[in-house]
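The structure appears below as structure tokens.
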Amino acid sequence: MNTALPPAAVTTLGDPDTPFAVVDVHRALRNIERLTRRADRLGVTLRPHIKTAKSLDIAALMHSGARCPVTVSTLAEAEAFADGGYTDITYAVGIDPHKLPRVVALLRRGVTLRVLLDSREQAAFVADASRKAGLTVPAQIEIDCDGHRGGLKIDSPELVDIGRILHQAGCLDGILTHAGESYFAYTPEDQRLAAKNERDTAVAAAERLRAAGLPVGTVSVGSTPTAHAAENLTGVTELRAGNYVFFDLVMAGLGVCRLEDLALSVVVTVIGHRPEYGWIVTDGGWMAMSRDRGTAGQAQDQGYGLVLDLAGNLIPSLVMSAASQEHGILSVRDGAILPDLPVGTRLRILPNHACATAAQHHGYHVIDSTQPTDPAPAVHAHWERITGW
């Protein structure tokens, strides 16, 4: 794991020990503005999922420093964001009863922390915890819109039963769904249909609960592809997405963004050559990039990432084709000539999956691609990343 220079000693991307993560603040702000405008146009609240960046500094970009509603994937994230002044949080992973004391502790601090569940057992645990604590643990019922992961089908007999258990304890907040299969929707039309199905399924589940006399205040949908493809969110109250702040090669491969929109990269250094194999060796392996090969099933497999020079210019046909723990292998494709990159050359790698790559680093060195890059992009700030579970 990289031990970078102290922020005061870092002036350009040529200074810290590699590998390290870089965020282009200009691109991140542009990505944030794009989805914010879309949510406003669709008439829904945008609840960013901060599991991608796990950073208070980056979250502060989303609403000009205001504490916006957020989604988290761990209670450590919820606690860190509560410490940072965030009071409207959805914990969007099915609740484990052993974690309910931490949930209650956050509620006692004045944080509205919603939990997620999809079974009678979980509902009973939440209702019991609420009664014992003498407060309300707001809960959302997870709906399965595409068979991707957890959740109930909208015709499940458990749906209304769970709703009643929660309602009787004052805990029923609403429903939530996530179109995870949209990450395999390879055309704009497929993404539009995934967004429509996500919305239709969520609204139908809410209507079924209401028909049973149960209140549904929140109807929450979202994934990065469907958030950018949705045309009508009537009946939905909020939209969730997280990857959109950084984007990555998977999203670019789906056509959700362009390569020029990717705001996260990893700086590595050339440490050797194996000309007999056509390799350039760097000090950034899967510990720097993650082992995610999310583009492998797409039309263009991008290996472990595409390669830029330090200024951010794409090096044609060069790809991070293989990785071990601390070593990255760069090679060319399409019959291209391997570029002459001497030992000591610094490069930037664009990741397949921004969430997984960000998780490999303690923080981000921040640059602005609108500023001069001679001799190397200036580092304007160092943003910490939340760690732990």
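In this text the structure is predicted, and so the values were computed from the model without any measurement.
- Grouping the Ile, Leu, Val, Met, Phe, Trp and Tyr side chains by contacts below 4.5 angstrom, directly or via other members, places Leu308 apart from Ile349.
- Closest approach of Val267 to Val22, counting heavy atoms only: CG2-CG2, 3.5 Å.
- Across all their heavy atoms, Ile165 and Ala124 have their closest contact at CG2-N, 4.0 Å.
- Classification of the His178-His148 ring pair by plane angle, with boundaries at 30° and 60°, yields perpendicular.
- Inter-residue side-chain proximity for Leu100 and Val126 is flagged as met; some heavy-atom pair is nearer than 4.5 Å.
- Under a 4.0 Å N-O distance rule, the pair Lys196/Glu231 does not qualify as a salt bridge.
- Arg293 forms a cation-pi arrangement with Tyr304, by the criterion of a distance under 6.0 Å to the ring centre and an angle within 45° of the ring axis.
- The backbone N or O of Gly150 lies less than 3.5 Å from no partner atom in the side chain of Asp118, so there is not a single donor-acceptor pair.
- The main-chain N or O of Ile162 is never found under 3.5 Å from a side-chain atom of Arg120 such that the two would form a donor-acceptor pair.
- The aromatic rings of His382 and His365 lie perpendicular to each other, with more than 60° between the two planes, well past the 30° mark.
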One pair to check against side-chain contact (heavy atoms from CB on, under 4.5 Å): Leu172 and Ile141. What are the steps and the verdict? CA-CA 8 Å; Leu172 180 59; Ile141 303 173; 4.0 Å; yes

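- By the neighbour-count criterion of 12 heavy atoms within 6.0 Å, atom OH of Tyr86 is densely surrounded, having more than that number from other residues, nucleotides or ligands.
- Looking at Val104 and Arg108, their side chains come closer than 4.5 Å, going by heavy atoms from C-beta outward.
- Residues Leu166 and Leu117 are in side-chain contact: their nearest non-hydrogen atoms beyond the backbone lie under 4.5 Å apart.
- With hydrogens and angles disregarded, a donor-acceptor distance shorter than 3.5 Å links the side chain of Glu198 to the backbone of Ala179.
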Could you go through Val25 and His380, starting from their C-alpha distance and side-chain angles, then the distance that decides it, and tell me whether this counts as side-chain contact (heavy atoms from CB on, under 4.5 Å)? CA-CA 9 Å; Val25 68; His380 297 277; 5.9 Å; no

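- Using bins of under 30°, 30° to 60° and over 60° for the plane-to-plane angle, the ring pair Tyr277/Trp279 lands in the tilted bin.
- By the 4.0 Å N-to-carboxylate-O rule, Asp15 lies too far from Arg346 to be salt-bridged with it.
- In the hydrophobic clustering of ILVMFWY residues, with side-chain heavy atoms under 4.5 Å counting as a link, Val319 and Val270 come out apart.
- Shown here for Leu338 and Gly278, the closest heavy-atom pair between the two residues is CD1-O, 3.8 Å.
- A heavy-atom distance below 4.5 Å is not found between the side chains of Ile329 and Ser324.
- Annotation: side chain of Gln325 is in contact with side chain of Trp286 (closest heavy-atom distance under 4.5 Å).
- Ring geometry, Phe246 versus Tyr364: the interplanar angle exceeds 60°, so the pair is classed perpendicular (tilted spans 30 to 60°).
- Under a 3.5 Å cut-off, the side chain of Arg274 and the backbone N or O of Val281 do not form any donor-acceptor pair.
- Minimum interatomic distance between Thr224 and Ala241 (heavy atoms only, all atoms of both residues): OG1-CB, 3.8 Å.
- Between Arg210 and Glu207 there is no salt bridge, since none of the side-chain N atoms of the basic residue sits less than 4.0 Å from a carboxylate O of the acidic one.
- Just one residue in the list His361, Gln360, Arg348 forms a side-chain contact (heavy atoms from CB on, under 4.5 Å) with Val266, and that residue is His361.
- The backbone N or O of Gly151 sits nowhere less than 3.5 Å from a side-chain atom of Asp144 that would complete a donor-acceptor pair.
- Side-chain atoms of His327 and Ile271, non-hydrogen and from C-beta on, do get closer than 4.5 Å to each other.
- Side-chain atoms of Ser55 come within 3.5 Å of backbone atoms of Glu384 as a donor-acceptor pair (strictly under, hydrogens ignored).
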Could you walk me through whether Phe81 and Val111 pass the side-chain contact (heavy atoms from CB on, under 4.5 Å) check? CA-CA 10 Å; Phe81 271 73; Val111 176; over 6 Å; no

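- No donor-acceptor pair under 3.5 Å is formed between the side chain of Arg27 and the backbone N or O of Phe247.
- There is a side-chain donor-acceptor pair under 3.5 Å between Asn243 and Asp248.
- Donor-acceptor pairing under 3.5 Å is lacking for the side chains of Thr201 and Thr177.
- No side-chain heavy atom of Gln140 sits less than 4.5 Å from a side-chain heavy atom of Ile175.
- Side-chain contact between Thr218 and Leu176: absent, with no pair of heavy atoms (C-beta onward) separated by less than 4.5 Å.
- Taking the charged nitrogens against the carboxylate oxygens, Lys51 and Glu77 have no contact shorter than 4.0 Å, which rules out a salt bridge.
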Do Thr36 and His63 pass the side-chain contact (heavy atoms from CB on, under 4.5 Å) test, and can you show the C-alpha distance, the side-chain angles, and the key distance before you say yes or no? CA-CA 9 Å; Thr36 300; His63 284 257; 5.6 Å; no

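- The minimum heavy-atom distance between Ala92 and Thr71, with the atom names listed, is CB-CG2, 3.6 Å.
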Derivation of the side chain to side chain donor-acceptor pair (under 3.5 Å) call for Ser182 and Thr226: CA-CA 7 Å; Ser182 66; Thr226 56; 4.8 Å; no

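- Shortest non-hydrogen contact noted between Val70 and Ile50 is CG1-CG2, 4.1 Å.
- With respect to Arg385 and Asp57, no salt bridge is recorded, no charged nitrogen being found less than 4.0 Å from a carboxylate O.
- For Arg67 and Asp88, the salt-bridge test fails: no basic side-chain N is under 4.0 Å from an acidic carboxylate O.
- In the hydrophobic clustering of this structure, Ile143 groups with Val221; members are Ile, Leu, Val, Met, Phe, Trp, Tyr whose side-chain heavy atoms approach within less than 4.5 Å, directly or through other members.
- Side chain of Thr237 to main chain of Val219: a donor-acceptor pair is present (N/O by atom type, distance under 3.5 Å, no hydrogens or angles).
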Chi angles and distances behind the side chain to side chain donor-acceptor pair (under 3.5 Å) call for Thr295, Gln298: CA-CA 5 Å; Thr295 61; Gln298 295 185 341; 5.3 Å; no

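- Of the possible polar contacts, none joining the Asp334 side chain to the Ala336 backbone as a donor-acceptor pair under 3.5 Å is found.
- With respect to the salt-bridge test (charged N to carboxylate O, under 4.0 angstrom), the residues Asp261 and Arg258 qualify.
- Here the side chain of Asn197 pairs a donor or acceptor atom with the backbone of Cys145 at under 3.5 angstrom.
- In this structure, the separation between OG1 on Thr90 and CZ on Arg47 is 3.5 Å, given to the nearest 0.5 Å.
- Among Thr87, Thr112, Leu113, Ile89, the one residue that satisfies the side-chain contact (heavy atoms from CB on, under 4.5 Å) test with Leu106 is Leu113.
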